[in-house]
Peer 1: 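Right, I'll just put the structure down here and ask away after.
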Number of protein chains: 2
Amino acid sequence: MGRNQTFDTAAAVRAARAVFWARGYEATALPDLERATGLSRSSIYHAFASKRGLFDAAVDSYLDEVVRPRLRPLTEDDVAPDALDHYLTGLRDALLRGDTLPATSGCLLVNAANAPIGQDDGVAAVVEAYAAELRTAMAAGVRARLPHLADDATQTLSDVCTGLVISAFALVRVDRAEAARSLDTARAVLASAVAATATPR
Amino acid sequence: MGRNQTFDTAAAVRAARAVFWARGYEATALPDLERATGLSRSSIYHAFASKRGLFDAAVDSYLDEVVRPRLRPLTEDDVAPDALDHYLTGLRDALLRGDTLPATSGCLLVNAANAPIGQDDGVAAVVEAYAAELRTAMAAGVRARLPHLADDATQTLSDVCTGLVISAFALVRVDRAEAARSLDTARAVLASAVAATATPR
DNA sequence: TCGTTTTTGTACTGATCGGTCCACTATATG
DNA sequence: CATATAGTGGACCGATCAGTACAAAAACGA
């Protein structure tokens with residue numbers, strides 16, 4: 001009983017997500033969100049209770065629709081040997097590709113971590129979990145490429161990749177070339193580890 | 001002729017710097033700056049012309065009084081072999097040391113890069129220059145430790161250190177342990193490069 | 001003493017912020 | 001039909017924002 005919702009919630013969240021991604025939580029004003037979603041303020045508050053509620057929905061959708069799809073080849077049951085290299089080159093290309101959101105605005109969550117909203121316990125927990133997810137995926141990629149590597153070397157290598165991915169995100173907004181270099185460095189480290197294992201001197 | 005300035009400009013900038021560092025440019029309000037500096041709004045505008053002017057002064061003082069002193073052992077004419085490891089452990093300890101500004105708020109410039117103020121060309125240029133300065137210092141540290149390393153390996157190694165330092169800064173606010181891990185990873189990579197060079201198999 | 005500069009206090013501007021409220025219309029079920 | 005929910009529009013709230021204006025006081029050199 002009662003009227004059905006006419007707009008697509010997921011689409012509205014995606015539109016809001018783009019604004020939060022590009023401008024950050026604090027700098028995004030209600031009129032921006034009304035414009036992006038095509039919804040009136042009343043509808044926004046009806047559907048999401050608050051600006052913060054919409055942001056939380058945007059973060060969820062960011063993880064589900066942006067982060068995890070890109071990470072999938074590294075999180076599935078069997079991981080291809082070149083999956084990690086593909087991830088790094090794919091991300092590199094994305095950061096260099098014109099005016100896309102990743103290129104101009106990096107990572108929604110890394111941005112949030114270094115903004116006032118990052119001090120919020122809930123947001124901090126999400127970012128922390130994201131970093132852990134990233135690190136697990138990197139480790140899977142390293143293991144797929146170098147199955148016989150010692151555990152501590154595997155961990156160091158995946159921590160290197162994780163850190164360089166994060167630093168790439170932290171730098172894109174200001175220096176796209178430096179961000180790409182960061183990802184190339186991760187690939188170089190990986191390649192030299194492979195070379196060292198394949199042809200021990 | 002005329003009254004002399006009674007307050008210490010450098011001290012006022014330091015006080016403002018701490019607020020910008022902890023809260024970011026956008027979230028810092030004029031009353032915050034009045035409280036921190038002990039100056040009235042009139043005096044602030046008289047001395048620094050604008051909030052932005054004070055921020056620029058804070059950034060300069062951050063580079064001169066925070067960044068470069070810590071980097072000095074790596075930027076002087078002759079660099080000690082263990083200077084880079086000292087830098088990394090020193091930074092690691094600073095990020096873990098209680099309620100200091102680096103531990104709670106990371107790096108003023110990395111924070112600025114991921115905030116709306118980072119879109120400003122002037123600020124972006126400063127952050128870019130900072131990243132370059134960091135990378136040069138890391139390279140000097142690597143060369144001091146491994147003088148006979150090939151050029152490309154030296155560059156990769158210093159890029160790894162630079163990236164892991166940046167990622168540590170990008171994560172402290174949200175996950176102090178992960179940030180420390182990032183710096184430990186840099187040290188581990190460095191150590192294994194040393195081991196590989198010292199005892200080639 | 002006289003001008004000059006520093007510094008403060010206070011009040012103000014115009015704009016924007018997130019959020020609320022309400023009246024109204026539209027569409028669904030029963 | 002009644003009733004419940006979806007959605008809009010617009011006015012409004014109190015708070016806050018960066019920045020300005022102005023007068024007064026305080027400390028300096030000449």
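We name chains A, B, ... by the order of the sequence lines, and we start the count at 1 in each one.
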Peer 1: Can you check whether A/D85's main-chain N or O pairs, donor with acceptor, with A/D82's side chain at less than 3.5 Å?
Peer 2: no

Peer 1: Whole angstrom is fine here: how far is it from CZ in A/F7 over to C1' in D/dT5?
Peer 2: 13 Å

Peer 1: Take B/R135 and B/T162 through the test side-chain hydrogen bond (donor to acceptor under 3.5 Å, both in side chains) and record every step on the way to the result.
Peer 2: CA-CA 6 Å; B/R135 195 147 49 80; B/T162 307; 5.3 Å; no

Peer 1: Check the phosphate of C/dT6 against B/H46, side-chain N and O only, distance under 4.0 Å to OP1 or OP2. Yes or no?
Peer 2: yes

Peer 1: Looking only at atom types and distance, does a side-chain atom of B/K51 sit under 3.5 Å from a main-chain N or O of B/A29, one as donor and one as acceptor?
Peer 2: no

Peer 1: When you measure from the side-chain N and O atoms of B/S40 to the phosphate of C/dT7, is any distance below 4.0 Å, counting only OP1 and OP2?
Peer 2: no

Peer 1: Identify the two heavy atoms, one from A/W21 and one from A/G106, that lie closest to each other, and give their separation to 0.1 Å.
Peer 2: NE1-O, 2.9 Å

Peer 1: Who are the ring-ring contact (aromatic ring centres under 6.0 Å, His included) partners of B/F55, not counting sequence neighbours?
Peer 2: B/F20, B/Y25

Peer 1: Using a 4.0 Å heavy-atom cut-off, write out nucleotides 17-22 of chain D from 5' to 3' as B (base contacted by protein), S (sugar-phosphate only) or - (no contact).
Peer 2: SBBBB-

Peer 1: Pairs of donor and acceptor atoms involving the side chains of residues 109-125 of chain A, under 3.5 Å and at least two apart or interchain, shall be tabulated with distances.
Peer 2:
residue: A/N111; atom: OD1; partner: B/N114; partner atom: ND2; Å: 3.0
residue: A/N111; atom: ND2; partner: A/S105; partner atom: O; Å: 2.7
residue: A/N111; atom: ND2; partner: A/C107; partner atom: O; Å: 3.3
residue: A/N114; atom: ND2; partner: B/N111; partner atom: OD1; Å: 3.0
residue: A/D120; atom: OD1; partner: A/R52; partner atom: NH2; Å: 3.1
residue: A/D120; atom: OD1; partner: A/G122; partner atom: N; Å: 2.8
residue: A/D120; atom: OD1; partner: A/V123; partner atom: N; Å: 3.0
residue: A/D120; atom: OD2; partner: A/R52; partner atom: NH1; Å: 3.1

Peer 1: To the nearest Å, how far apart are B/F48 CZ and C/dT7 C1'?
Peer 2: 13 Å

Peer 1: Rounded to the nearest angstrom, tell me the gap between atom CD in A/E34 and atom P in C/dC17.
Peer 2: 10 Å

